[in-house]
Amino acid sequence: GYFLIESESATTTEVRYVPANRPLEPAKVIAPRIDEQEYSVDHVGSSFLIRTNDKGRTFRLVSAPVASPGRANWKELIPNRSATMLEDADAFSDHMVTTEREDGLVHFRVRNLDGSRPKDVSFPEPTYSVICLNGSVLAMRSGMMKAIGVLFLPSANFILGNGFESTHFTVLSSTASAFAIRRLQR
């Protein structure tokens, strides 16, 4: 893994990286700062996943080899789409989860890293905000702003495998004061 050191302002970003097993090495720059361009980085295998607004304000996702992560080596994975804001991309060992906003609603899209077709994660009702807590737990605030619903899905592999349906989600709590995330038995 790598330590990622991010320096940012409201309109520009620069990320440096250092191998976690050699933290005293000098930090290397992923891509030099350019005015009006932002980017964020995640690491998976021998690549960095980079979310950037270099081609449009709604961001795109590129990959770059760790050995030479500069802009010249960026390979587009998800293009900029004017109607869809790419809010985040979280990398796991064999898949990634993107957080996207379309028509004012947040949704997740799970993709194998082999480039196969992504699977959309749909929710049983309109959502106001959604967060990916880890590879297997999804949470959302839904309905009225005071209601909090927690949804659980056994694993991202379950989404990517055969038989995914939104009915596999279960609402565990719908109170505004507090909630606990409990593991469901399949």
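Put simply, the side chain of V41 does not reach to within 4.5 Å of the side chain of Y17, judged on heavy atoms. D88 has its side chain out of reach of T98: every pair of non-hydrogen atoms, C-beta onward, lies at least 4.5 Å apart. D35 is listed as a side-chain neighbour of T11, based on a closest heavy-atom distance under 4.5 Å. I30 has its side chain out of reach of E14: every pair of non-hydrogen atoms, C-beta onward, lies at least 4.5 Å apart. S63 has its side chain out of reach of F48: every pair of non-hydrogen atoms, C-beta onward, lies at least 4.5 Å apart.
Tracing side-chain contacts under 4.5 Å through hydrophobic residues (I, L, V, M, F, W, Y), one reaches M85 starting from M96; they form part of the same cluster. Under the 4.5 Å side-chain heavy-atom criterion for grouping Ile, Leu, Val, Met, Phe, Trp and Tyr, V62 is connected to Y39 within one hydrophobic cluster. Under the 4.5 Å side-chain heavy-atom criterion for grouping Ile, Leu, Val, Met, Phe, Trp and Tyr, L4 is connected to W74 within one hydrophobic cluster. In the hydrophobic cluster analysis, where Ile, Leu, Val, Met, Phe, Trp and Tyr join through side-chain heavy atoms closer than 4.5 angstrom, L61 is grouped apart from V15.
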Step by step, work out the salt bridge (Lys or Arg N to Asp or Glu O under 4.0 Å) result for E6 and R16.
CA-CA 6 Å; E6 191 170 294; R16 296 174 184 267; over 6 Å; no
Please assess R111 against E100 for the test salt bridge (Lys or Arg N to Asp or Glu O under 4.0 Å), listing each intermediate value before the final yes or no.
CA-CA 13 Å; R111 295 172 165 84; E100 302 177 8; 3.6 Å; yes
Would S9 and R33 count as a side-chain hydrogen bond (donor to acceptor under 3.5 Å, both in side chains) if you check the C-alpha gap in whole Å, the side-chain angles of each, and the deciding distance to 0.1 Å?
CA-CA 10 Å; S9 71; R33 181 184 306 265; 4.7 Å; no
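Heavy-atom neighbours of D103 CG from other residues, nucleotides or ligands within 6.0 Å: at or below the threshold of 12.
A distance-only check finds no donor-acceptor pair linking the side chain of D42 to the backbone of L49 [under 3.5 Å].
The minimum heavy-atom distance between N80 and R57, with the atom names listed, is ND2-N, 4.0 Å. Counting all heavy atoms, side chain and backbone alike, P79 lies closest to R60 at C-CB, 3.7 Å. Across every non-hydrogen atom of I50 and P69, the tightest pair is CD1-O, 4.3 Å. Minimum heavy-atom separation, E87 to R51: O-NE, 3.2 Å. Across all non-hydrogen atoms, the minimal contact from A91 to V44 is CB-CB, 3.8 Å. When all heavy atoms are compared, the tightest approach of A27 to I5 is CB-CD1, 4.2 Å.
With sequence neighbours left out, F59 forms a ring pair (Phe, Tyr, Trp, His ring centres under 6.0 Å) with no residue at all. The salt bridge (Lys or Arg N to Asp or Glu O under 4.0 Å) search around R71 returns none, not counting sequence neighbours.
The distance from atom OG1 of T13 to atom CD of E8, rounded to the nearest 0.5 Å, is 5.5 Å.
Under the side chain to side chain donor-acceptor pair (under 3.5 Å) test applied with R109, the options D120, T99, T84 reduce to a single match, D120.
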